[in-house]
Amino acid sequence: MTATQHSHPTKICRNCKDFGAQVKAEADATCLSETIGQRRFRSIIFQFPNVASCEALYGQNPNTVLVTRFLKCSRARLKSGGLTFISTADSPLHEGAFKMDDAARTAGSAARDVYTFSPKDYPVYSYQNTADEESAINEHTAFAIFVFSA
């Protein structure tokens, strides 16, 4: 698991470490080979990517560009049949910002499934906002996990 925004692992990273995950802080998830080398994985998970900006980049919302780059990068690090998971808030605003289907198509990935959930159903689930120390759970009542295949 990579912690891309903060130099110290957040609560979710500590929880993952408790289950045996290796956490890498300050990773560039658009260039995973710099952080994890040439290793390949069955799954790669990006929790709630967000650039905290709506200023267009390459004519797209920068979050769409970021998701496209994540998917391109993760394809190169997945084992055959591997999957990429991306979680976001489940809202029309976030769907418009991320444009998961467009990002997948551009990255050469296939969107497979979307699973929605309420954080109230998972008391240990947490997410720290990109732009501040607040929890995204306080602002959103539903989240979605998008699943992509290479």
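All residue numbers refer to positions in the sequence shown, counting from 1.
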Parallel, tilted or perpendicular for Y122 and F117, by the 30°/60° rule?
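Because their plane-to-plane angle is over 60°, the rings of Y122 and F117 count as perpendicular.
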F85 and I44, any side-chain heavy atoms less than 4.5 Å apart
no
State, with a plain yes or no, whether a side-chain heavy atom of M100 is found less than 4.5 Å away from one of T88.
yes
Going through the distances and angles, do F41 and I36 end up as a side-chain contact (heavy atoms from CB on, under 4.5 Å)?
CA-CA 10 Å; F41 301 88; I36 60 176; 3.3 Å; yes
Treating R39 as the side-chain partner and R77 as the backbone partner, does any N or O pair qualify as donor plus acceptor under 3.5 Å?
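Side chain of R39 to backbone of R77, a donor-acceptor pair under 3.5 Å: no, none is there.
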Distance-minimising heavy-atom pair for [X] and [Y]:
| X | Y | answer |
| --- | --- | --- |
| A144 | F146 | CB-CE1, 3.8 Å |
| A111 | A104 | N-CB, 4.3 Å |
| S109 | R75 | OG-CD, 3.2 Å |
| V67 | A103 | CG1-CB, 3.6 Å |
| T64 | K99 | OG1-CB, 3.8 Å |
| R40 | K79 | O-CE, 3.4 Å |

Measure the spacing between CG of L78 and CZ of F148 and express it to the nearest 0.5 Å.
12.0 Å
One should read off an interatomic distance between N63 CG and T68 OG1, to the nearest 0.5 angstrom, of 10.5 Å
Applying the side chain to side chain contact (heavy atoms under 4.5 Å, CB included) criterion to S74, which one of I86, T84, L83, I45 satisfies it?
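Going through the options one by one, the only one that passes is T84.
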